[in-house]
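In listed order, ligands and their atoms are each counted from 1. When a residue number appears, it is its place in the shown sequence, counting from 1.
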Amino acid sequence: MSIAPTTSSATTARQVLDSAFPQGLGAFIDGAIVTGGGEPITLTSAATGEDFAHFNDPGVEGVDAVLASAVRGAATWAATDAFERAAILREVSRTVVEHADELAALESATTGKPLRDTRVEASKVAEMFGYYAGWADKMMGRTIPVPGNWHTYTERVPWGVVVAITPWNAPLFTAGWNSAAPLAAGNSVVVKPSEFTPATTLRLAQLAHRAGLPEGVFNVATGLGGTVGAALTSDPRVGKVSFIGSVATGRRVAVAAAQAGIPTVLELGGKSANIVFADADLDRAADGAVAAVFSGAGQSCVAGSRLLVQRSVHAELVERVAERASRLRLGDPLDPSTEVGPIITAPQYGTVTSLIEAGLQDGGRRVTGADLPVELAGSALASGHWVVPTLLDGVTPANRLETNEVFGPVLGADAFDTEAEAIERANSTNFGLAGAVWTGDVSRAHHVARSVKAGTFWINSYKTIHVAVPFGGFGDSGHGRSSGPEVLDEYTQAKAVWVPTRAAGAPFPSLSY
Ligand code: NAD
């Protein structure tokens with residue numbers, strides 16, 4: 001394992017943050033940062049463990065101002081010509097491209113995600129706004145034939161205010177993912193980023209406003225989940241809630257929203273199986289397995305955290321994966337050559353390390369090294385939340401690693417004999433987010449793809465997603481879709497309009513509903 005130079009520190013994070021927000025952090029309301037009077041929040045560098053920023057969230061009182069502005073924004077935006085909405089969203093996309101390097105640096109400095117990942121994510125956010133800009137002026141209804149003399153048609157009506165609650169693992173990406181589509185559909189959005197990682201969401205809102213979004217159309221409520229998040233997801237002024245995060249919080253949000261009559265889209269966790277048959281290209285499968293779970297330090301909802309390998313090639317593949325994992329470069333998130341960064345939050349660091357212990361206690365055998373490389377252990381980064389990419393073999397169905405989402409760089413491997421066994425094993429969790437199969441047999445590939453319960457499935461590949469393709473889960477992984485054209489149905493409702501075509505003397509129907 002090699003180490004990149006250790007130039008990053010809390011000082012760098014502070015400097016990047018100060019230059020982006022000279023007025024400090026807060027909520028974003030009506031086009032301006034508003035400092036709050038609610039709960040104090042401290043931001044900590046994942047790379048060094050040092051604190052680098054303090055601010056107050058808007059508190060439950062501040063949520064009122066955020067939502068009042070969003071209601072005004074929703075009215076303005078819905079009344080804006082669809083072609084103008086499309087043009088503004090295209091301009092948001094262009095502005096994000098122009099500021100992509102700045103957004104990536106801000107994300108890396110404040111979250112610890114490697115620059116090579118955040119640069120891609122910034123470009124993906126530009127792509128999201130560009131893609132949905134293309135839909136904004138194509139939101140069409142239908143003309144429906146009915147018995148009698150009627151002209152009957154539908155219109156697609158936005159919900160009004162959409163609240164998007166996002167997690168810490170990909171703050172900028174998820175802010176774009178859950179705002180571009182609702183905006184294209186004519187809603188205003190209030191994004192509530194994770195309290196651990198609010199910076200790039202605020203910057204995105206500023207840039208979107210600068211690109212032409214009217215006041216109140218893209219607000220940010222930076223704050224704690226239990227107070228600010230809870231207030232946002234149960235307020236009757238909200239039309240729809242989209243949530244990306246853990247299963248436990250997602251259920252809490254869904255219950256609170258349902259009690260207020262608000263529908264939800266939930267994108268939750270995963271425990272995805274990556275299945276390798278003996279007839280696969282083992283080098284590609286090994287590369288894929290490493291990318292599937294160790295990129296983003298495993299802090300990815302679609303992480304391929306279960307490696308199921310046909311017995312005859314099991315030992316060989318595990319060895320190839322371990323060898324590749326040991327070569328991954330950990331280090332300074334702002335060094336472009338860094339491949340694996342730290343765990344983003346301190347609580348998550350505790351979760352990952354304790355699940356590795358649980359995996360070992362339950363019979364898993366460690367294949368990769370356990371210790372941090374000496375260069376890292378002896379550097380300015382020593383107190384960060386580092387976990388070396390970890391591969392445990394012999395992770396059987398009884399192992400806690402089989403069903404618990406780790407959300408860290410931890411891969412559990414095991415052998416299987418038959419195709420049916422591999423499918424049964426893949427489907428043995430309540431999650432249903434993603435998965436993959438590696439094989440040279442095209443019929444087997446499609447059969448396995450059809451049989452595994454997952455919203456996204458790859459054949460001889462892993463982890464590619466695109467805004468044009470629907471994404472979402474089954475079971476504990478959530479419901480609803482958050483990309484592709486499908487998502488436009490999530491963010492609009494059909495409204496039916498009836499007009500008699502022979503108005504004078506047209507009979508009213510005797511049936512009523
Ligand atoms: P989390 O559930 O702890 O928090 C997510 C968000 O919910 C945060 O903004 C938090 O402040 C907020 N929140 C907490 N309590 C709330 C409440 N009572 N009401 C309203 N909001 C509340 O999740 P996390 O730890 O930030 O993220 C990790 C999880 O996210 C993992 O399980 C991961 O799989 C999942 N995730 C899923 C996807 C997907 O697309 N399926 C993508 C990324 C992350």
Side-chain angles (χ1 to χ4, degrees), residues 38-39 41 57-58 60 63 111 113 121 124 163-178 190-198 201 220-235 238 241-260 262 264-272 293 296-305 343-352 355 403-408 429-434 454-456 463 465 467 469-483 487:
E39 295 292 327
I41 294 178
D57 81 12
V60 175
V63 168
T111 66
K113 293 186 71 144
E121 289 173 2
K124 291 276 174 194
V163 164
I165 311 269
T166 58
W168 46 257
N169 67 311
L172 177 63
F173 184 92
T174 51
W177 194 242
N178 276 9
V190 176
V191 184
K192 198 219 73 73
S194 167
E195 53 273 37
F196 293 102
T197 54
T201 303
V220 180
T222 318
L224 299 181
T227 49
V228 171
L232 283 169
T233 50
S234 55
D235 191 292
V238 174
V241 169
S242 69
F243 173 85
I244 307 179
S246 63
V247 177
T249 310
R251 289 190 175 169
R252 209 170 297 135
V253 164
V255 168
Q259 279 170 345
I262 306 169
T264 49
V265 182
L266 302 181
E267 283 185 53
L268 310 177
K271 190 73 206 180
S272 302
V293 70
Q299 299 163 108
S300 160
C301 52
V302 294
S305 53
I343 301 300
I344 295 170
T345 76
Q348 183 62 17
Y349 176 69
T351 302
V352 174
L355 276 168
T403 47
N404 285 288
E405 181 184 42
V406 180
F407 219 56
T429 81
N430 292 329
F431 290 113
L433 194 60
T456 297
K463 232 180 171 184
I465 61 170
V467 67
V469 181
F471 180 85
F474 292 96
D476 279 356
S477 295
H479 57 250
R481 292 297 176 261
S482 51
S483 50
V487 74

Tightest non-hydrogen contact, residues Cys301 and Phe471, listed as SG-CZ, 4.2 Å
Please report the shortest heavy-atom distance between Asp57 and Val228, naming the atom on each side.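 Smallest heavy-atom distance, with atoms named: OD2-CG2, 3.6 Å.
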Mark the output for [X] as yes if a heavy-atom distance to ligand 1 is under 4.0 Å, and as no if none is.
| X | result |
| --- | --- |
| Gly478 | no |
| Trp177 | no |
| Ser194 | yes |

Just to verify, what does Glu39 make a salt bridge (Lys or Arg N to Asp or Glu O under 4.0 Å) with, not counting sequence neighbours? none
Can you sort out the partners of Lys463 under salt bridge (Lys or Arg N to Asp or Glu O under 4.0 Å), two or more places apart, ordered by chain and number? none
Spell out, as yes or no, whether a donor-acceptor pair under 3.5 Å connects the side chain of Arg252 to the backbone of Val247.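 Pair absent, no side-chain N/O of Arg252 close to backbone of Val247.
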Quick one: does any side-chain atom of Ser234 pair with a main-chain N or O of Ala257 as donor and acceptor, under 3.5 Å? no
One pair to check against side-chain contact (heavy atoms from CB on, under 4.5 Å): Lys271 and Leu433. What are the steps and the verdict? CA-CA 8 Å; Lys271 190 73 206 180; Leu433 194 60; over 6 Å; no
Starting from atom 40 (O) of ligand 1, locate the nearest protein heavy atom and write down its residue, its atom name and how far away it is, to 0.1 Å. Glu267 OE1, 2.3 Å
To the nearest 0.1 Å, how far is atom 41 (N) of ligand 1 from its closest protein heavy atom, and which atom is that? Leu268 O, 2.5 Å
Which of the ligand 1 atoms, numbered from 1, are nearer than 4.0 Å to a heavy atom of [X]:
| X | result |
| --- | --- |
| Ala230 | 19 (N), 20 (C) |
| Val253 | 19 (N), 20 (C), 21 (N) |
| Phe471 | 40 (O) |

Out of [options], whose heavy atom is nearest to [atom]?
| atom | options | answer |
| --- | --- | --- |
| atom 30 (O) of ligand 1 | Gly245, Gly250, Ala170 | Gly245 |
| atom 21 (N) of ligand 1 | Pro347, Gly229, Ser482 | Gly229 |
| atom 5 (C) of ligand 1 | Thr249, Leu266, Val247, Ile244 | Ile244 |
| atom 22 (C) of ligand 1 | Gly225, Gly269, Gly472 | Gly225 |
| atom 6 (C) of ligand 1 | Ile165, Thr233, Val241 | Ile165 |

Is there a protein heavy atom at a distance of less than 4.0 Å from atom 13 (N) of ligand 1? yes
Just do the side chain to side chain donor-acceptor pair (under 3.5 Å) check on Glu267 and Trp177 with the steps written out, would you? CA-CA 11 Å; Glu267 283 185 53; Trp177 194 242; 3.3 Å; yes
Rounded to the nearest 0.5 Å, what separates atom [atom1] in [X] from atom [atom2] in [Y]?
| X | Y | atom1 | atom2 | answer |
| --- | --- | --- | --- | --- |
| Thr264 | Phe243 | OG1 | CZ | 10.0 Å |
| Thr345 | Asn169 | OG1 | CG | 10.0 Å |
| Trp168 | Ile344 | CH2 | CD1 | 5.5 Å |

Would one find an N or O of [X], backbone or side chain, under 3.5 Å from an N or O of ligand 1?
| X | result |
| --- | --- |
| Thr166 | yes |
| Glu195 | yes |
| Ser246 | yes |
| Asn169 | no |

Taking C-beta and beyond as the side chain, do Phe407 and Ser246 meet within less than 4.5 Å on heavy atoms? no
Below a 4.0 angstrom heavy-atom separation, can you tell me which part of [X], side chain or backbone, both or neither, approaches ligand 1?
| X | value |
| --- | --- |
| Pro193 | backbone |
| Phe196 | neither |
| Gln348 | neither |

